[in-house]
Structures are given as structure tokens and as C-alpha cells.
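Notes follow once the structure below has been shown.
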Amino acid sequence: EAGVVQSPRYKIIEKKQPVAFWCNPISGHNTLYWYRQNLGQGPELLIRYENEEAVDDSQLPKDRFSAERLKGVDSTLKIQPAELGDSAVYLCASSPGLVGEEEQFFGPGTRLTVL
Amino acid sequence: AQSVTQPDIHITVSEGASLELRCNYSYGATPYLFWYVQSPGQGLQLLLKYFSGDTLVQGIKGFEAEFKRSQSSFNLRKPSVHWSDAAEYFCAVGARETGTASKLTFGTGTRLQVTL
């Protein structure tokens with residue numbers, strides 16, 4: 001079974017430029033998460049989707065961040081414009097979304113460097 | 001709101017020695033608890049989880065953890081560490097009230113170094 005796929009793995013951009021990250025969850029997983037992991041910290045949730053609906057985006061900086069999950073499968077996270085403080089690893093995770101099957105499966109992440 | 005504290009930022013142990021990584025949580029009721037491991041450049045892999053029942057939980061790679069309600073702790077243990085266990089370890093707590101463990105709060109992690 002394929003795991004969570006993310007691309008690109010690494011991205012270097014200059015501040016004020018836009019950037020987008022893509023995530024393909026495990027097949028059949030209804031719940032998808034985007035996390036941000038700063039250096040030396042644990043992951044912090046940005047947004048959670050149940051199918052195509054964003055059910056928790058309270059931690060998403062909506063002035064510059066946006067996300068979508070069209071058709072309830074793949075998801076894209078966008079930053080526009082990027083700031084120096086956005087440098088981090090962006091992790092995507094998915095889970096079946098069923099009670100009793102709450103384990104989240106993580107992708108390898110996208111390491112973003114903003115210069 | 002839930003929170004997780006991992007008091008040890010960095011731990012060094014010799015290969016073959018025993019290991020205990022500490023995790024304390026704050027949550028108003030019985031939480032869901034997890035331990036994840038992250039190798040450099042990799043995503044997080046689940047080691048074990050506690051939802052209910054037996055408070056001593058067995059995981060992959062020979063790890064175990066014990067839920068102690070009175071101490072609000074969920075410490076991770078391994079009797080004999082292998083060099084390949086060197087990685088970053090994260091404890092996480094999930095909120096029960098939503099009916100699932102969907103909302104995870106992670107600790108800041110403990111970096112494990114293994115000396116030969």
C-alpha cells in the first residue's frame with residue numbers, strides 16, 4: 001500500500017513569492033491534515049479536512065495561506081506571499097476518519113526555505 | 001485545551017542500554033495518547049497508541065509505554081536500545097470529546113542519540 005505522497009520534497013523561494021505544496025493521501029482515507037513543523041518543534045495543525053470539507057482551519061493564517069481538497073482526495077496548500085517566518089517543514093497526514101481508526105499516517109514533508 | 005510536555009530535549013544512551021523518554025500531558029479527561037518517531041528527512045511513524053484498556057501498551061520496534069493517570073504521564077520505554085533507534089521522538093495527545101483523536105497536539109520532541 002502506498003503511503004502519503006508529498007511534493008515537492010524541498011523548495012527554496014525568495015520572500016514575497018508564492019509557493020504551493022501538494023499532497024496525495026492514502027487511498028480511502030477520508031481525513032486529511034496539513035501540519036507545519038518549525039525547527040526543533042513538534043508539528044502544529046494548520047487545517048483538517050473531512051472529505052472535501054475543511055472542518056478545522058482555526059490555526060491557518062488565512063491572510064496568506066489557503067488550502068483546497070477538491071473531490072476529497074488530493075490537497076494543495078498555498079502560501080502567497082511567503083515570509084521569512086514561513087520557513088519550516090510542511091507535513092501532510094491522512095487517516096481513515098473512523099472511530100477506532102484514528103492513527104494518522106504522515107508523508108515525508110516539504111521543507112520550505114524562504115530567503 | 002490539551003498540551004504535552006517532553007522535558008528532555010536531548011538524550012544520549014549507549015547501545016544495549018535501557019531507555020525511558022518522558023511525556024506529561026494536560027487534558028481535562030482521559031485522552032488518546034501517541035508516540036511517534038521521526039528520522040532525519042522523514043515523516044512521522046507511529047510507534048504506539050493508547051486509547052483505553054490496559055495501561056501498558058506495546059508498540060513496534062520493541063517499544064512500550066505506560067499510561068499513568070495519576071501522574072498525567074505516558075513515558076516511552078525500551079529495554080535495549082539499538083543504534084538504529086537514533087531519531088526524534090514525539091509524544092502527542094488527542095482530544096476525545098470530538099469522538100475521534102483527530103485533533104493532535106504534539107510535544108516539542110526528544111532527540112535520541114545512541115553511542116556505540
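Every chain is numbered from 1, with letters handed out A, B, ... down the list of sequences.
Other residues, nucleotides and ligands contribute at most 12 non-hydrogen atoms within 6.0 Å of the CH2 atom of W83(B). Heavy atoms of other residues, nucleotides or ligands lying less than 6.0 angstrom from CD1 of I9(B) number 12 at most. Few gaps surround NZ on K62(A); more than 12 heavy atoms of other groups in view lie less than 6.0 Å from it. Within a 6.0 Å sphere centred on CG of L39(A), other residues, nucleotides and ligands contribute 12 heavy atoms or fewer.
Under the 4.5 Å side-chain contact rule for hydrophobic residues, F105(A) and W34(A) do not share a cluster.
Between the OH atom in Y36(B) and the CD atom in E103(A) there is a gap of 5.5 Å [rounded to 0.5 Å].
When the heavy atoms of residues 106-116 of chain B are compared with those of chain A, the residues falling under 4.5 Å are F106(B), G107(B), T108(B), listed by number.
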All N/O donor-acceptor pairs, side-chain side in residues 7-19 of chain A, below 3.5 Å, sequence neighbours left out:
residue: R9(A); atom: NE; partner: G109(A); partner atom: O; Å: 3.3
residue: R9(A); atom: NH2; partner: G41(B); partner atom: O; Å: 2.7

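Q37(A) touches chain B through its side chain: at least one heavy atom from C-beta onward sits under 4.5 Å away, while N, CA, C and O do not. Only the side chain of Q38(B) comes within contact range of chain A, with at least one heavy atom under 4.5 Å from a heavy atom of that chain.
When each of E44(A), R48(A), Q104(A) is tested with L104(B) by the rule side-chain contact (heavy atoms from CB on, under 4.5 Å), just one qualifies, namely Q104(A).
Within the structure, disulfide bond (SG atoms under 2.5 Å apart) contacts touching residues 4-68 of chain A (residues at least two apart or in different chains) are C23(A)-C92(A). Legend: side chain to side chain donor-acceptor pair (under 3.5 Å) pairs involving residues 79-88 of chain A, not counting sequence neighbours, sorted by first then second residue: R64(A)-E83(A), R64(A)-D86(A).
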